[in-house]
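Scroll down for the structure; my scribbles are underneath it.
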Amino acid sequence: MKETLPSVIEEYEKIPFQEFTRKAYLNYSMYVILDRALPHIGDGLKPVQRRIVYSMSQLGLSSTAKFKKSARTVGDVLGKFHPHGDTACYEAMVLMAQPFSLRYPLVHGQGNWGDPNDPKSFAAMRYTESKLSKYADILLDELDLGTCDWRPNFDGTLKEPTLLPARLPNLLLNGTTGIAVGMATSMLPHNLREVAKALIHLIENENANIDEICKCIKGPDFPTDAEIITPVSEIQQTYKTGTGRIKLRATYQIEDGEIVFCALPFHSSTEKIYEQIAAQMEAKKLPMVSDIRDESDHEEPTRLVVIPRSNRIDYEALVDHLFVSTDLERSYSVNMNMIGINGRPEVKNLLTLLKEWLRFRADTVKRKLRFRLEKICTRLHILEGFQIAYLNIDEVIHIIRTADKPKNKLIKVFNLSEIQATAILEIRLRQLAKLEEIKLLSEIKELDAQKTILEKLLSSEEAFKAYMIDEIKSDAKKYGDKRRSPIKERQEAEAFSATDILDIEPVTIILSQNGWIRSAKGHDIDPAKVKFKSGDALMSFLRTKSDKPVVFLDNYGRSYMLFSHALPSARSNGEPLTGHLSLQPDVTIPFMLSRDNEDLFLVGSDNGCGFVIEFSNFLTTYKNGKAVISIKKGFHLLAPEQVPDLETDRIVAITSQGRLLIFPANQLPKLKKGQGNKIITIPKKQLDSDDPEKLKLLKILPLNSNLVIHSGKHFLRLNPGNQIDYTGMRGYRGKKLPRGYQIVDKIEVIPVKPADKTNI
């Protein structure tokens with residue numbers, strides 16, 4: 001057994017694993033691309049759609065026939081041509097029947113085939129009935145005229161068409177979407193009359209450019225009355241490249257002070273939009289809206305009513321916000337990827353698509369004309385044999401009655417072909433009447449005229465073009481309709497900002513020692529008297545307005561931001577700040593700020609360095625904040641001070657050993673972040689000692705203000721004249737305060753009253 005094993009293995013082909021996987025994946029991807037996901041440029045159908053249409057035609061389900069159960073069609077499709085899942089097959093059939101999904105439906109359904117709010121709410125195939133629509137005739141009318149190639153079905157028992165002989169570019173008219181392996185397609189629907197006009201122009205002007213074609217085809221035409229608001233230049237650019245985006249916007253009207261949306265973008269649902277608006281109302285993002293109603297019914301499939309609280313609101317601003325924040329405005333990608341005549345997938349621009357489809361159509365028409373010409377020639381050949389038989393009727397009858405092999409003798413005596421001789425032998429006696437001979441001559445004359453016309457069409461390029469144009473015009477008149485989606489120039493919609501919809505009012509932000517945050521209405525509240533959880537107490541508070549952002553500075557110099565209106569009410573204990581911000585376990589929030597973006601602040605640490613910063617540089621949308629003030633290990637952030645006037649204000653710096661320095665605020669740099677410059681000099685040996693000297697207090701001193709220094713129960717008042725003794729340049733060592741005032745607890749700035757200025 002062991003000896004024979006190697007010889008058995010050698011009988012099998014050996015290939016590298018990577019080569020095997022490459023081939024297997026390539027074969028799979030090509031199958032998905034060519035036989036499942038991408039449409040063909042010729043008839044614009046995927047294989048499952050083509051098989052459904054063909055099967056329905058074979059079942060006799062034409063547009064004039066009676067309806068049959070959809071299960072019958074699906075069974076035929078699966079059993080004869082498409083051995084896949086019945087659910088997927090039926091869903092593809094449903095899509096072809098929904099007038100809100102296809103611009104020109106291929107299937108006419110009876111029963112529940114879904115609705116725009118829920119396209120997949122259709123009934124099971126055992127309940128619905130269907131037949132082909134009139135539009136499907138453009139795919140099937142020429143099927144039996146020798147216009148297409150045929151191939152065996154999956155089990156080789158039947159034949160199916162490789163492509164249907166479409167008389168119009170169905171791919172452009174109905175559009176399609178599909179996802180293959182490594183590629184996808186997204187074709188949007190277009191208006192039949194516009195496409196026909198472009199085709200005729202291209203037939204008459206072979207050198208026409210895409211700009212001329214865009215004059216015929218204005219843009220996509222969806223099965224909805226919603227507006228296309230993409231600029232014309234962008235639409236044309238999309239047609240030139242084969243890729244882009246098209247934006248649709250719902251249409252509305254004002255009725256008795258109410259906003260009524262009467263047409264939604266393609267595949268938008270009133271139910272979903274209703275939920276989106278209701279969610280904003282619940283989140284108090286639409287305080288100007290009092291109610292919303294969905295009044296859609298069979299008579300008015302789309303009627304969504306938004307009821308404002310007052311007729312004094314800005315309707316356009318409200319509608320613009322709804323466009324941005326809901327599916328009342330949607331954009332659709334364009335990726336004109338398809339299988340071309342050469343059988344390869346490729347992204348084509350509009351001009352290439354139309355030219356290639358015209359080549360497909362020209363080849364189809366020529367095959368149809370040649371097929372008809374061949375049929376006419378065959379019939380004329382038989383009729384010529386009949387004519388010979390009528391002219392020699394007695395002799396023909398005699399040969400038939402007496403000859404052992406009448407066919408061979410007829411061929412020999414009258415120089416007939418085998419086909420003619422067979423046809424003569426099959427003539428019935430009643431066809432030998434004189435009247436039949438007259439009909440024969442009339443038919444020959446008529447067929448000769450048709451033959452002449454067909455030969456001219458096939459030989460003359462101008463006549464052939466005119467014939468194609470007449471066919472396109474006839475189909476456009478029969479199946480065409482007016483454009484549904486108007487193309488409008490509209491401004492870009494903008495949503496409300498959070499502050500636009502707020503009632504601006506004073507609020508007090510309260511932060512507890514355990515990190516719980518809340519917001520109380522008004523500035524008259526006393527934060528010290530607010531109740532806290534057991535074991536918790538007041539950390540800090542901030543008086544601001546509801547439309548202002550609140551900046552939190554942590555002990556490491558990082559800034560965080562929250563909006564006042566987003567904070568919980570003070571009626572409760574609030575919420576943990578960690579629920580809003582990503583804070584490290586050892587982080588504390590000692591300071592809160594809230595001002596206008598251009599306001600200036602003095603920031604510094606107790607190592608004696610600092611700088612001036614705009615409030616806007618504190619702002620950040622990141623939950624984990626951003627680094628603003630660089631603080632060396634072992635040092636701490638001092639309370640930030642607002643700088644009202646950088647040019648006239650002065651900075652007061654006091655160290656822990658009682659050294660005071662006053663200098664102009666404009667000597668400190670304005671920075672966005674960093675450590676800053678030296679405010680007051682503290683010798684390194686003093687910083688590194690066991691009892692280090694540090695910068696203890698920073699204060700902004702406006703011009704003509706008194707400085708009051710508190711030390712225990714005592715205080716020292718320095719008027720502007722006395723302040724000169726402590727004034728110097730930024731970075732100086734400073735001057736020691738008098739004995740008894742060197743341990744400073746706090747400092748106060750008191751503006752000088754007009755009556756006091758005489759004493760300065």
Side-chain angles (χ1 to χ4, degrees), residues 42-46 48-82 89-114 122-148 150 158-161 163-171 173-174 189 191-193 195-196 223 298 361 364-365 367-368 371-372 375 467 470-482 484:
D43 57 13
L45 299 177
K46 300 177 185 179
V48 64
Q49 296 171 324
R50 188 177 301 118
R51 287 163 177 167
I52 290 171
V53 171
Y54 177 65
S55 289
M56 293 183 76
S57 71
Q58 295 303 294
L59 284 169
L61 294 175
S62 65
S63 59
T64 57
K66 292 182 179 180
F67 289 95
K68 280 188 180 179
K69 287 289 185 184
S70 301
R72 173 73 187 278
T73 300
V74 172
D76 245 43
V77 173
L78 301 185
K80 293 180 178 179
F81 306 110
H82 196 72
C89 180
Y90 181 51
E91 285 190 7
M93 184 178 173
V94 168
L95 187 68
M96 295 161 64
Q98 291 176 336
F100 49 84
S101 294
L102 283 194
R103 182 65 177 83
Y104 301 98
L106 293 165
V107 176
H108 184 194
Q110 184 170 268
N112 178 13
W113 290 80
F122 51 85
M125 65 179 118
R126 62 182 177 273
Y127 299 121
T128 60
E129 296 178 340
S130 57
K131 63 179 179 179
L132 291 169
S133 67
K134 290 183 179 179
Y135 173 79
D137 292 343
I138 71 162
L139 301 173
L140 297 167
D141 276 356
E142 299 173 352
L143 188 62
D144 297 325
L145 299 180
T147 52
C148 61
W150 298 77
L158 296 168
K159 296 283 187 180
E160 63 173 318
L163 287 174
L164 297 180
R167 297 207 305 266
L168 290 171
N170 179 63
L171 178 58
L173 300 181
N174 269 326
N191 184 268
L192 193 152
R193 290 178 181 173
V195 172
H298 292 292
R361 181 59 188 163
T364 303
V365 172
R367 292 178 68 169
K368 177 180 71 172
F371 180 83
R372 286 172 57 187
K375 290 288 185 182
Y467 179 79
D470 288 342
E471 281 194 332
I472 292 171
K473 284 182 177 178
S474 175
D475 289 333
K477 184 178 180 181
K478 186 175 181 181
Y479 303 106
D481 56 4
K482 293 181 180 179
R484 289 197 59 183

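Computed from a predicted model, the values in this text were never measured in an experiment. Excluded from the calculations below are hydrogen atoms, water molecules and symmetry mates; all remaining heavy atoms, backbone and side chain alike, are included.
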Can you find a pair of side-chain heavy atoms, one from [X] and one from [Y], that are under 4.5 Å apart?
{"X": "Met93", "Y": "Val77", "result": "no"}
{"X": "Thr364", "Y": "Arg361", "result": "yes"}
{"X": "Leu164", "Y": "Cys148", "result": "no"}
{"X": "Arg103", "Y": "Leu173", "result": "no"}
{"X": "Arg367", "Y": "Glu142", "result": "no"}
{"X": "Leu168", "Y": "Val195", "result": "no"}
{"X": "Ile52", "Y": "Cys89", "result": "yes"}

From [atom1] ([X]) to [atom2] ([Y]), nearest 0.5 Å:
{"X": "Ser130", "Y": "Leu106", "atom1": "OG", "atom2": "CG", "result": "12.0 Å"}
{"X": "Thr64", "Y": "Leu132", "atom1": "OG1", "atom2": "CG", "result": "10.0 Å"}
{"X": "Asp76", "Y": "Ser55", "atom1": "CG", "atom2": "OG", "result": "5.5 Å"}
{"X": "Gln110", "Y": "Lys66", "atom1": "CD", "atom2": "NZ", "result": "12.0 Å"}
{"X": "Phe122", "Y": "Leu95", "atom1": "CZ", "atom2": "CG", "result": "9.5 Å"}
{"X": "Lys80", "Y": "Glu160", "atom1": "NZ", "atom2": "CD", "result": "12.0 Å"}

Between [X] (side chain only) and [Y] (backbone N and O only), is there a donor and an acceptor less than 3.5 Å apart?
{"X": "Lys131", "Y": "Ser63", "result": "yes"}
{"X": "Gln98", "Y": "Trp113", "result": "yes"}
{"X": "Thr73", "Y": "Met56", "result": "no"}
{"X": "Thr128", "Y": "Gly111", "result": "no"}
{"X": "Thr147", "Y": "Pro165", "result": "no"}
{"X": "Asp43", "Y": "Ala166", "result": "no"}

Closest non-hydrogen atom pair, [X] against [Y]:
{"X": "Tyr467", "Y": "Val365", "value": "CE2-CG1, 3.7 Å"}
{"X": "Pro105", "Y": "Leu102", "value": "CD-O, 3.8 Å"}
{"X": "Met96", "Y": "Val53", "value": "CE-CG2, 3.5 Å"}
{"X": "Pro223", "Y": "Phe100", "value": "CG-O, 3.6 Å"}

Next on the checklist: Checking Asn170 against Tyr104: is there a side-chain donor and acceptor pair closer than 3.5 Å?
Outcome noted: no
Can you confirm whether more than 12 heavy atoms, excluding those of [X], are under 6.0 Å from its [atom1] atom?
{"X": "Lys69", "atom1": "NZ", "answer": "yes"}
{"X": "Phe67", "atom1": "CZ", "answer": "yes"}
{"X": "Asp481", "atom1": "CG", "answer": "yes"}

Checklist entry - Any salt bridge between Glu471 and Arg167, counting N to O under 4.0 Å? => result no
Checklist entry - Looking at Lys368 and Asp141, does any basic side-chain N land under 4.0 Å from a carboxylate oxygen? => result no
